[in-house]
Amino acid sequence: MTAQERIQNLWQAHRDLPWNGQSLPRHVPLLEEGISLADSIGDLRHSFRFRIQLAAVLGNLHLVERALVPLSWCLATFDSKGSELPAHYGDRLLEVAMTILQKMPHLPEISRIDIDRLLDDLTQRHRRAGYPPRGMLERGQYVLMCVGDLDRAAGMFAAWRSLPRDKEVMNSNRSCLYDCDTCEAAGVMEWLLAIGNDEEALAAAQPVLDGTASAFDSSCDGMKEWILAHALAPLLRQGRAEEAGVQHRRGLRLVTGDPSALDELAPHLTFLAATGQAVQALPLLERHLALAGERTDHLRYELDTAVWLVVEALAGQGTAKITLRLPEWHHAHEPSGRYEAIALADRLAVPLRTLAARYDTRNGNTFVSAQLERQRALLDLDRA
Amino acid sequence: MSLTSATDHTFQVDLRGLVEVLSQHLYASPDVYVRELLQNAVDAISARRLLEPAHAGTVELEVRESHREPPTLIVTDNGIGLTEAELHSLLATIGRSSKRVGPDGLEPPADFIGRFGIGLLACFLVADEITVITRSAATPDSPVLRWRGRADGTYDTSVLDADLTPGTRVHVRARPGCEHQVARDHVLGLARHYGELLPVPVRLHDGTGHVHEIAGEETPPWEPEGASLEQQRTIARGYARRVFELDPLEVIHLHADGVRGVAFVLPYTAIPAHRQTHRVYLRRMLLTESADRLLPDWAFFVRCVVDADDLQPTAARDGFRDDERLDAVREQLGRCVRDHLVELARIRPDRLEAILRTHHESIAALAVHDTECLRLFADWLPLETSLGQMTVGEHARRFGELRFLRRVDDFRQIAPIAAAQGRCVVNAGYVHLADLLERLASVRPELGIAELDPTDVADTFAGLTLEERAQVHDLVRTADLTLQPLGCAVEARAFAPDNLPAMYITTSDGRFHRELDLTREMFTPGESPWGGVLDAMSGGLPRVPATRLLLNLNNPVVRTLAAQAQTAAEPKVGAAGGARVRRAVQLLYLQALLLGHHTLRELELGLLNDVVIGLVEQPEEPRP
């Protein structure tokens, strides 16, 4: 078999694999082998295609640092040799770059100035590519929200929502930068949650919560799971615990055991902690922490927060000692697996609050710490 | 301004506009009007059976066609019929349905198909006027009533002096431009498409005395009453051939709460990324033939047909609501497929083997998350090894312990060396296999499964004798110093094949750092924010030397170099001899990199140029 034939086979194998949480890790070796082969014979197109797909896969797996390498390679190559590549490669590049940009605020070593520069860079690329501004406004609003720049984010949110969805682009082969209905709902919901408007956030989520979003309509994978998970806290705060229980059962089933959905699993653990079911959360917690070994501390922030809240809830209920199998790489790991609940809760809280403070210092506000304490306050609902 | 009182008003609804909205945004096609008419007829019969359980319902369709008039479809049922009050209440109020509540005012019973009361409204997709003639079966002296509704939202009712048995007859006359939708052959096709499995006889009279049986005769593949298991399979296979145009490898009967059906194992390898489409019936009325989320993702190797009693349809009735109930059904249907395969492993391993030959990827996807399946199916799973293709079972019989490499790159690097030594290593770089082998290691410890770290391969090579160690000592020391700036350590071993002088071994960390360096080299400092981000990130990553160059003492070039390095180490030989050895080591390093398909970094490209220039500029040896 020639190198070109092997490249084609690898590309086909990648295309044939499902694009879901269970299968995403399996794309990685195929794509890395493809890159190695394509580079070795100077096949620029495939070097580019494999890398951009690898960046997308790693981004979806929340391995952002690793994703940045192939993405940056593609951006540099597109800038210097774009004329040798098909134009639609640029669309895919922009789509993946915008997805990864949205994760940049979670890397504490990236400065606020760098985040703004990346946002500017992609905004210019988006404009140069001839896209209407709506998609970029949505991404920009999200990035600014994550760094707690709520005034600028609010402006972008209003601008985003004021523009109609461009049906012509959505139906064209350049539709990759446009969201499905569920993605749009999730974007609105996340913003409303960030500014504390639970009621309207739940209204935005309603088609998914009541199931009227059809089972057979095509929507992006994972968005239903995201909405079901992130509706739990506002439902509890709104006093709709029974409904939250229904959505918890629906959502948990969809994300259990999925290494790419740990951020969607975390709200379910928090829900259990906040509703007096922290003990039931323990096996789930053990199972899913074991899947998070490849993530850096900051990309495990959501899951670690939920782990802390589960232990905090147990300590708050008066549990003195707990047995827990934390993975060996975990900073609180004890070989015996036996912990004092209060001490463990404190050990888990410290790095989270430190990281939140680090984000806030970088961002120049207190948004991330405030969000963390808002999650902590869910435990008080049960006690109240 | 303040409000002092409130007054109720009623919206004026533009029916034509509403129909336009329905046709453009709710229904996929105006053809659904036939389904809605059939459904209303079947509902009416179900309602009558609540009063008269032994009632034999029928639905008759007739299309009247002439050259002068547009075609008219007449649908007649002998169901419950309507009273005058119901006519006004149900047909004059858009969206209201008798099916929202049962006769006792409570929830509707499960055998009422319709949910929305917009069935009749769908007829305005193809007609400007609809006539309903009906007589209620609820009371013996019910009058015969006529209701005529028009697309402009007006309607009239009258009592007819006619003799009509209880039931309802609906006349739908095609609007200009919609004649095709009401043509006889088209209606026949639609009625069969939607209604062929309905539980009541449905017939179409074609106006020439010929009657087409549409429903009531076809046995649904999921419930062949009184048939033996073999007959059930034959009926199901016949259905698969006729409807899905495939000859299934296996037929699997499906049962979930309120749902029944049949799954067909595809006779060809399915593509995991492409969800199969399934046919879904609701109370035996076809809801959709393109449902693609009915089974768990791993079950991409089957297509199925199912019939549901009480799943909630969407408003357009072309799918189900994605609710908790559907999630539970999806799980139950998946379990049926899985349990059937488990049963095959026990009683018909030959049939399971045939399925696995075609669908091992899918079965592997299932086994990764299902311990019992993993235990049962593992022996049939195919492996690529350094000694050729074989199954897990065959590997166990021939070699005992199983050693696998997680990455294809590593396998390609190691396989020729392993094969030269007669060792069997498994390529687990393919989909699911590494996960599966890791789990299998704990489920079946007797298989002795363990991951092989490519950097550990060196440890499996024969160790050097004291004399050999002394022989290569100077070479290894020189090579180590030479390659240190490139982040590569050097060791010497003796291994097959003899013609391979050196081998470059790296890990995923090593590869990542190589790629990071290569990418950073593409950016001019300070020009692009992406280059800056890579630099910021690179500073925070730990640097672990993860690459080694193994020199092969069995190779004559390496032995010659070892001798030269020894000589060069002598003070009288001086720097020239050492430079030649260093250059040769650099060449072996570059060769090993290229053999492993590694892209050269700028530093290495520079090195390659230096080596070539060195060769060109080297003074020729005097001829003997």
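Order of the sequence lines fixes the chain letters, A, B, ..., with proteins taken first and strands second; residue numbering starts at 1 for each chain.
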Problem set entry | Interatomic spacing from CD in A/Glu109 to CG in B/Asp535 - rounded to 0.5 Å | 12.5 Å
Problem set entry | Single hit among B/Arg406, B/Arg407, B/Arg514 for salt bridge (Lys or Arg N to Asp or Glu O under 4.0 Å) with A/Glu32 | B/Arg407
Problem set entry | Cationic N near anionic O, under 4.0 Å, B/Glu515 to A/Arg51 | yes
Problem set entry | For chain B, the option from A/Ser80, A/Ala97, A/Ala76, A/Pro25 that forms the most heavy-atom pairs under 4.5 Å | A/Ala76
Exercise. Taking every heavy-atom pair that is under 4.5 Å apart, which of B/Leu600, B/Leu518, B/Asp327 has the most such pairs with chain A?
Worked result: B/Asp327
Problem set entry | Heavy-atom proximity to chain B below 4.5 Å, by part of A/Val246 | both
For this session: Check whether A/Ile110 gets within reach of chain B through its side chain, its backbone, both or neither, counting any heavy atom under 4.5 Å.
Result: side chain
For this session: Quick one: closest heavy-atom pair of B/Arg321 and A/Asp210, and the distance?
Result: NH2-O, 2.9 Å
Exercise. Between atom CG of A/Asp16 and atom CZ of B/Phe300, what is the distance when rounded to the nearest 0.5 Å?
Worked result: 9.5 Å
Problem set entry | A/Arg117 portion near chain B, given a 4.5 angstrom heavy-atom threshold | both
Exercise. What part of A/Leu71 lies closer than 4.5 angstrom to a heavy atom of chain B: side chain, backbone, both or neither?
Worked result: side chain
Problem set entry | chain B contact via A/Leu122 - which portion, at a heavy-atom distance below 4.5 Å | side chain
Exercise. When you look at CD1 of A/Ile113, are more than 12 heavy atoms from neighbouring residues, nucleotides or ligands closer to it than 6.0 Å?
Worked result: no
Exercise. Just how far is it from atom CD of B/Glu324 to atom CZ of A/Arg249, taken to the nearest 0.5 Å?
Worked result: 5.0 Å
Problem set entry | A/Thr77, part contacting chain B, at a heavy-atom distance under 4.5 Å | both
Seminar exercise, completed: CG (B/Asp323) and CG (A/Leu209) are apart, to the nearest 0.5 Å, by 12.0 Å
Exercise. Measuring heavy-atom distances to chain A, does B/Glu521 have an atom under 4.5 Å in its side chain, in its backbone, in both, or in neither?
Worked result: neither
For this session: Under 4.5 Å heavy-atom distance to chain B, tell me which part of A/Arg66 shows up: side chain, backbone, both or neither.
Result: both
For this session: Output the distance between atom CH2 (B/Trp530) and atom SG (A/Cys74), rounded to the nearest 0.5 Å.
Result: 11.0 Å
Problem set entry | Under 4.5 Å from any heavy atom of chain B - which part of A/Leu75 | side chain
Problem set entry | Residue A/Trp19 versus chain B: region with a heavy atom under 4.5 Å | neither
Exercise. CG/B/Leu516 to OG/A/Ser72 distance, rounded to the nearest 0.5 angstrom?
Worked result: 9.0 Å
Exercise. Is it true that atom CD of A/Glu242 has more than 12 heavy atoms of other residues, nucleotides or ligands lying nearer than 6.0 Å?
Worked result: no
Exercise. Given the rule in the side-chain contact (heavy atoms from CB on, under 4.5 Å) test, do A/Arg26 and B/Asp435 qualify, once you have shown the distances and angles that lead to the verdict?
Worked result: CA-CA 9 Å; A/Arg26 296 172 188 112; B/Asp435 294 351; 2.5 Å; yes
Seminar exercise, completed: Most heavy-atom pairs under 4.5 Å with chain B, out of A/Leu107, A/Leu68, A/Ile115, belong to A/Leu68
